[in-house]
Amino acid sequence: GVVGANRTTADQSAMFPRLLLLIGVMGSARGLDNGLGLTPPMGWRSYNAFGGTIDQAAMESMMDAMVERSRTVDGKPTSLRDLGYTHVGLDGGWNYCFPNNHTFHWASDGRPVWNVGFPDPTAMVSKAHRLGLQPGWYLNNCGCAENQFDAHMVDKVMKGSVKMLVEQGWDGVKFDSCSMFHNLTRWAELINATGHPVLIENCHQGGLTPGMRQWQGYVKNASSPTGYTHYLGMFYGMNSATMLPHISFSDCRAKCDGMKGACGGFTFASREPEPTTGLLDACYLQAKAAPNKMDMSNSNYCTGDSDPSDCPFNFYRVSGDIYHSWDSVLANLEYTLPFLGEGGLHLPYPQDPTVRSRPGGWAYPDMLEVGNLANATEDRSHFSAWAVMSSPLILSFNLTDSARMDRVWPIISNRAVIEVNQRWAGSPGRRVAAVGSGAEAWQAWAKPLGATSTFAVLLLNAGSIATRVSLPMRNVSAAFEHRGVCLRDLYSGEELQQQAVGSPWSVTLPTHDSAFACAFPVDDSGGCEGANDCP
């Protein structure tokens, strides 16, 4: 989350931060391989609940709430920790901002300075450990952002921060996007060198994600000798750009020149600002060339398609910050698609069908707004969507608010849905249908659950009116092409109407509602008693 930053609405909606300076090592990617995040992390973070007005007392009260067993699951007193929500994360608001130079690090050794709201951070971390929780910190802050240091001080700050991270005993860290310490490979190297495994979140608002390449941007500038101003990055609103496939740099520039005022600039993916040989994969022309600066010149250029991952983080934000609205939930969910194997979407994300969300490196559309949305229907649909695409499940509402907890407990405590999220059977899940637009839009998502052609299937009303949804089950798997399908509701455990061979799963969904079921083929006798991998 963004804390204490003076951001305009346009800034907040921008998917990528302006990464102007990346200090650190050059060269090929070095994976984290810390043995963490092999299943999607589950827990709670402070920002959506408290913003930047958090203190140690509030953090410790949330820890207590995570382990209390005042509610039940299947008649047994159960805590959030019992269900797997073990990570407890502190976002911005912890640091002291020196008024004279607007920094929060000691100049002498680079270690951070905490504000008076956190009198004993080490004791807070120790309390989390006593409760069986895994505390997570927050660095590269947005509140009191730092962008004024030279390279020597950048390295000192990174080393000092890692020293404190380990000394205080943190188990996780979230690197945000507003300060100048963006080199995630360097962070991972420093942390790995301590021998203390730390779960790392890349929170660069969709930047520095797996498979991403360096882009070069050129904006027309009549006062420049070349007629253009060059920067590292692409344009905002790439969906409106004109693509010229397989073209040389010089020909692309000439094409933009010839279009006069109809072309304000051009952009392309390459490490070279002016490639002199070969053809570009594609060059994009745009009438209104608004620079979206992103400097990856010292980035690790990880691919995220290996096991273990070659990326220096365990999970990564694919979007800007989420907000407590249904539209924001859908928008952030959409940005996971390029990492789930649905190519051809959302430049400058990878355009190929490679699946890049996997154990040790999960695609993450931000914290859950469950409990903060308009109603329990939206809460349940939101939670189900994050579960079916293997997102980390990070709660972020006030856990001591009893009325709110009562509303969401049947959702966030559902063991079957949690198991869908945590299980890995070779795929993180994918979108299998997107139908209509506007008021009647709906989507379907599916995730394999095992070797018996068992799938979790989510039908989601993305529109604003009640909608009849009808999903051909062959969209989910070829195993359903010539056999009937059994459906079991994942929330209630009830058996739903068996689908005959070739018939779709059809249901009328109220506004923003969803249906979430485990689907598997009928057995040889035509019933639903055969082997399956439903949770």
Minimum-distance pair of heavy atoms, taken over all atoms of [X] and [Y]:
X	Y	value
W170	L90	CH2-CD2, 4.3 Å
S470	P472	O-CD, 3.5 Å
N115	G93	ND2-O, 2.7 Å
V388	A456	CG2-O, 4.0 Å
A466	N461	CA-ND2, 4.1 Å
R356	D352	NH1-OD1, 2.8 Å

Looking at [X] and [Y], would you say the former's side chain and the latter's main chain have a donor-acceptor pair under 3.5 Å?
X	Y	answer
Y316	C311	no
Q498	G526	yes
Q168	V166	no
W44	N398	no
D366	N332	no
S306	D310	yes

Sort and list the pairs that fulfil disulfide (SG to SG under 2.5 Å) and have at least one residue in residues 382-463, not counting sequence neighbours.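 For residues 382-463, and leaving out neighbouring residues, there are no disulfide (SG to SG under 2.5 Å) pairs at all.
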Enumerate the disulfide (SG to SG under 2.5 Å) contacts for residues 458-498, please, sequence neighbours excluded, ordered by first and then second residue.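 Non-adjacent pairs meeting disulfide (SG to SG under 2.5 Å): C486-C528.
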Going by heavy atoms in the side chains, are [X] and [Y] under 4.5 Å from each other?
X	Y	answer
I54	F118	yes
N372	R404	yes
S161	P112	yes
L340	W445	yes
I411	Y491	yes
L184	H204	yes
S391	T336	no
N48	H324	no

Applying side-chain hydrogen bond (donor to acceptor under 3.5 Å, both in side chains), can you list everything that pairs with N141, at least two apart in sequence or on another chain?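 Partners of N141 by the side-chain hydrogen bond (donor to acceptor under 3.5 Å, both in side chains) criterion, ordered by chain and then number, come out as N95.
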Residues in salt bridge (charged side-chain N to carboxylate O under 4.0 Å, His left out) with [X], at least two apart?
X	result
R81	none
D307	none
E481	none
D523	none

Could you name each residue pair satisfying ring-ring contact (aromatic ring centres under 6.0 Å, His included) that touches residues 495-535, not counting sequence neighbours?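 Residue pairs passing ring-ring contact (aromatic ring centres under 6.0 Å, His included), neighbours aside: W326-H512.
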Give every residue pair that meets the ring-ring contact (aromatic ring centres under 6.0 Å, His included) criterion with at least one member in residues 351-379, sequence neighbours excluded.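 Residue pairs with at least one partner in residues 351-379: F315-Y364, W362-W424.
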What side-chain hydrogen bond (donor to acceptor under 3.5 Å, both in side chains) pairs are there with at least one residue in residues 526-535, not counting sequence neighbours?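 side-chain hydrogen bond (donor to acceptor under 3.5 Å, both in side chains) check on residues 526-535 returns T452-D533.
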Determine, step by step, whether R358 and D305 satisfy the salt bridge (charged side-chain N to carboxylate O under 4.0 Å, His left out) criterion, reporting the C-alpha distance in whole Å, the side-chain angles of both residues, the deciding distance to 0.1 Å, and the verdict. CA-CA 8 Å; R358 55 199 305 121; D305 59 358; over 6 Å; no
Set of residues satisfying side-chain contact (heavy atoms from CB on, under 4.5 Å) with respect to R71, sequence neighbours excluded: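 Listed in chain order: E68, S402, M405, D406, W409.
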Short side-chain donor-acceptor distance under 3.5 Å, [Y] and [X]:
X	Y	answer
S79	D82	yes
T508	R468	yes
D327	S325	no

So among L36, V88, V125, D171, which one has a side chain to side chain contact (heavy atoms under 4.5 Å, CB included) with Q134?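 Between Q134 and the candidates, side chain to side chain contact (heavy atoms under 4.5 Å, CB included) is satisfied uniquely by D171.
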Between Y47 and Y138 (judged by ring centroids, cut-off 6.0 Å), do the two rings come close enough to count as a pair?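 For Y47 and Y138, the ring centres are not under 6.0 Å apart.
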Parallel, tilted or perpendicular: rings of W94 and W137 (30°, 60°):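 Ring orientation of W137 relative to W94: tilted.
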Just to verify, what does W187 make a ring pair (Phe, Tyr, Trp, His ring centres under 6.0 Å) with, not counting sequence neighbours?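 Scan of W187 (ring pair (Phe, Tyr, Trp, His ring centres under 6.0 Å), adjacent residues dropped) gives F175.
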Test V198 against N34 for side chain to side chain contact (heavy atoms under 4.5 Å, CB included), laying out the working first. CA-CA 8 Å; V198 173; N34 58 9; 5.7 Å; no
